[in-house]
Amino acid sequence: MNSEQQAKFNEVRDGIDEVDRELVELIARRLDLTGEVGKLKAGLQLPLYDPQRETELINDKRQLAEKRGVSPELIEDLLRRVMRESYINQSKSRAKVETVIDKNIVVVGGRGKLGSLFVKLFKESGYNVSVLETGEWDDGQKSLQEASLVLVSVPIKVTDEVIKQLSGLPDDCVLADLTSIKLRPLKLMLEVHKGPVIGLHPMFGPGINHLAKQNIVACSGRRIESDHWLLEQLRLWGANVTMIDAKQHDELMGIVQVLRHFSTIAYGYHLKAEDPELQSVLSVSSPIYRLELAMVGRLFAQDSGLYSDIIFSNPDNIPMIKRFIQRLNELLVMLENKDIDGFKAAFAEVTSWFGSSADLFLQESNRMLSRAQESSR
Ligand code: NAD
């Protein structure tokens, strides 16, 4: 490179640095604005997450990008990442808005993983929150008598005995739980309490920063319509609340949680027995396999009690897992019989069962994979 070329090269690089600095400034300005919006939304009782606004904003900027000759996917990726940050920012600034809500909330098991998240959320929103833990039942009777909501968040295996201790709550108090199974706790809550009852199942773990876009399944027990203050509060935090029958919830969880967790644990168990050198496996793995392995590995970094409880407490656990093993065997028999046509026919049946979702999932996972690749160093 001669000195003239070098000078031009440096000049262009300086230009890029300058644009990056401007980008940082713009993002900082955007975050300041979203902080303001968070405060305003808190005052106006508007939800943290507004799906319509988000879709309009992204579509609008995609069009703008296209006109400007920039990839709409790049702009969408960028905006979604910035928006994720802005939800964290909004929920922080929302929490600083001084609000007082005249409702007393008791979280049973409120020092546990999920319970403490809800304690924090309710406190930040201005509710008067108290916690009732093991060994605190005698002292906790007064707060139970004054409660507007009692939220049960204890391990599945003690949920029954805890709910049975909750008879005698005020008639207008809401009794709710966060248990990963719904039919049995809901039935028990309806037996012990005459007032409003609802079963909730947050489809997320305790490690999240805010509830925007998080799913919560709600099973109405008694006197809880979809505009009840508790459900409205969950929506204000940004959650998607899906009302569903408790029996249907447990059946769906047989697939969504029990089978998935069981097969993940079985895969990890198998890997351990086969004992390959993990680093060697990773060194020859595609990003998708690394991601799949990460999904297996992350489960073993968590609480074995929670996963065992989820698997062991589902009423359809054993029949569901046996049906799965039977289908594994059907495929294995095709392999043993070198029945490649049968194998392909089974593949085609599954493709047609997924229908148009198969292509959508392919596109969606491609986007996730390229992001995963970008974030790996
Ligand atoms: P955890 O073990 O972290 O917390 C449970 C809390 O309950 C503990 O603080 C414990 O001291 C307390 N507790 C136990 N027995 C008690 C009793 N007799 N009286 C009062 N308190 C008692 O469990 P977790 O992971 O927070 O799960 C709680 C509930 O949330 C479970 O029903 C679980 O199915 C459900 N859930 C958890 C997750 C998750 O990812 N952790 C996700 C969805 C639903």
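Nothing fancy with the numbering, it's 1 onward along the sequence. Whatever order the structure lists them in is the order used to number ligands and atoms, beginning at 1.
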Heavy-atom neighbours of I318 CD1 exceed 12 at 6.0 Å:
no
Can you tell me which residue and heavy atom of the protein come closest to atom 18 (N) of ligand 1, and the distance to 0.1 Å?
V162 CG2, 3.5 Å
For V158, take its heavy atoms, then give the atoms of ligand 1 lying under 4.0 Å from any of them.
15 (N)
For atom 16 (C) of ligand 1, find the nearest protein heavy atom and state the residue, atom name and distance (0.1 Å precision).
T134 OG1, 3.4 Å
Near D138 CG, under 6.0 Å, is it more than 12 heavy atoms from other residues, nucleotides or ligands?
no
S180 N/O to ligand 1 N/O under 3.5 Å:
yes
Taking atom 43 (C) of ligand 1 as the reference point, the nearest protein heavy atom with its distance
P202 O, 3.3 Å
Sub-4.0 Å atoms of ligand 1 with respect to non-hydrogen atoms of G205
40 (O)
What part of V108 sits under 4.0 Å from ligand 1 if we count only heavy atoms: the side chain, the backbone, both or neither?
side chain
Are a donor atom and an acceptor atom from the side chains of Q214 and Y49 found within less than 3.5 Å of each other?
no
With the threshold set strictly below 4.0 angstrom, can you tell me whether any protein non-hydrogen atom sits that near atom 7 (O) of ligand 1?
yes
P206 heavy atoms within 4.0 Å reach ligand 1 at atoms 39 (C), 40 (O), 41 (N)
F300 atom CZ, over 12 foreign heavy atoms within 6.0 Å:
yes
Kindly indicate, with the supporting measurements, whether the criterion salt bridge (charged side-chain N to carboxylate O under 4.0 Å, His left out) is fulfilled by K213 and E54.
CA-CA 11 Å; K213 300 188 191 182; E54 188 174 304; 2.8 Å; yes
Side chain or backbone, does K113 bring an N or O within less than 3.5 Å of an N or O on ligand 1?
yes
Does a donor on one side chain sit under 3.5 Å from an acceptor on the other, for Q141 and Q145?
no
Candidate list N314, D316, V258, test side chain to side chain contact (heavy atoms under 4.5 Å, CB included), partner I321, passing option
V258
Out of all atoms in ligand 1, which are within 4.0 Å of some heavy atom of I156? Include the element for each.
32 (O), 34 (O)
Hey, is L132 touching ligand 1 through its side chain, its backbone, both or neither, going by heavy atoms under 4.0 Å?
backbone
Check for me whether the distance between the ring centres of F122 and W237 falls short of 6.0 Å.
yes
With no hydrogens and no angle check, just 3.5 Å: does a side-chain donor-acceptor pair link E330 and Q326?
yes
Looking only at distances, please establish whether an N/O atom of ligand 1 is found under 3.5 Å from an N/O atom of L114.
yes
What's the shortest distance from atom 11 (O) of ligand 1 to any protein heavy atom, and which residue and atom give it?
E133 OE1, 2.5 Å
Among P155, G140, G112, closest by heavy atom to atom 2 (O) of ligand 1 is P155
Contact check, side chains of Y307 and D303, non-hydrogen atoms, under 4.5 Å:
no
Among protein heavy atoms, which sits nearest to atom 42 (C) of ligand 1, and what does the distance come to when rounded to 0.1 Å?
F204 O, 3.3 Å
Note: W137, heavy atoms under 4.0 Å from ligand 1, region reported as side chain
Part of L306 within contact of ligand 1 (heavy atoms, under 4.0 Å):
side chain
Of the listed options V154, D309, L178, closest to atom 32 (O) of ligand 1 (non-hydrogen atoms)
V154
Are N10 and Q6 close enough that a side-chain donor and a side-chain acceptor fall under 3.5 Å?
yes
